[in-house]
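First up is the structure itself, then whatever we jot down about it.
Just so you know, ligand 1 is whichever comes first in the structure, and atom 1 is the first atom listed for that ligand.
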Amino acid sequence: MQTIDLLRELSDAFGVSGFEDEVRDLVRTLVSPHVDEVVTDTLGNLFATRRSLNPGAKTLMLDAHLDEIGFIVKWIEKDGFLRFVPIGGWDPRIIPGHRVKIQTRSGEFQNGVIGTAPPHILSPEERKASLPIEKLFIDIGATSLEEAQEMGIRIGDPLTIHYPFMELTDGYVTGKAFDDRVGCAVLIEAAERTAGLDLGVNVVFAFVFGEEVGLRGARTAAFQIEPDLAIAVEGTIGADMPGVPDHSQPVRLGCGPAISVADRSIVVTRKVLTAMESIAEAADIPYQYKLPTYGGTDAGAIHLTRGGVLAGIVSVPCRYIHSPISTLRLSDFELTSRFVTELVKGLPDAVL
Ligand code: CO
């Protein structure tokens, strides 16, 4: 599949934390042709495994998270409006005034809008105040609680602000869920690019649930996989934009894959970091550092599993993550995909 179609399908798929079924099914279809075995575990991690013929082989784990931030329905008002709460880290300033897709118990989708009172009827003080999520509501067109229920809506239904994937210009694209569907896309491409090679290690491509609510899937995944080495692949905080000084831009678009030195969840072991730098340089892949110590990643949970796991992090720079309009350059994606492929081939030998 063409990269742009891969990103489109993955970003448009529904997968709020804890409700990753649709995106998991899509990933299973896309990755299966390139691996020996695909399994789903109890809580919803998907493991796509390629085994080495060598019985004593070590295990490399690649990690990307399936889930995206979203909301769940908290309450249905008597007049049919819905109250909702966030799942994952939203900026409350950007929630009002969007279209949403709500997934009902049957798996079907109901459209809605996050409404707000128009400025005409607000006092000057009200217009200046920010809107806490408790004051927001979703309008699905129902006129009563019963009508909302007849439309299939229940307390606990998940929803996303939905913006379909779009090309802004040639090579520059926007979508609702590049954090972390870009990581999923990188893993799928790395599996495809290394298919048929005997790498001398077992490779597990782990697509995990629940990162946005506390690295949950990565923890249970690493416990089962027992990796000797892991690489988490993320879409991370591109902040090269007006008003942000250079030293406060965690990563920049157009500068290639970002190698993490340390984030809030991990300080990367020096020999993993230097091996990653060497592999990028040997393959002539430009890279940048993700500035310490912004954000946390699945590597934080993975490296603390059992007796400890060597782990590194590679990210595709994305602007506007944790909003419904994340945006990236395909050239950065392409370089990250090549880099992760080189890491799959070379990192185990370099550090184990
Ligand atoms: Co993420």
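- Among heteroatoms of the N, O or S kind in Asp179, OD1 lies nearest the Co ion (ligand 1).
- Of the possible donor and acceptor atoms, one in the side chain of Asp332 sits under 3.5 Å from a partner among the backbone N and O of Gly256.
- Distance check for Glu234 against the Co ion (ligand 1): an N/O/S atom falls below 2.8 Å.
- For Tyr287 and Glu277, the side-chain atoms include no donor-acceptor pair closer than 3.5 Å.
- In this structure, Trp90 and Phe71 have parallel ring planes: the angle between them is below the 30° cut-off, well short of the 60° mark.
- Side chain of Asn202 to backbone of Arg51: no donor-acceptor contact under 3.5 angstrom is found.
- Looking only at its N/O/S atoms, His65 has NE2 as the one nearest to the Co ion (ligand 1).
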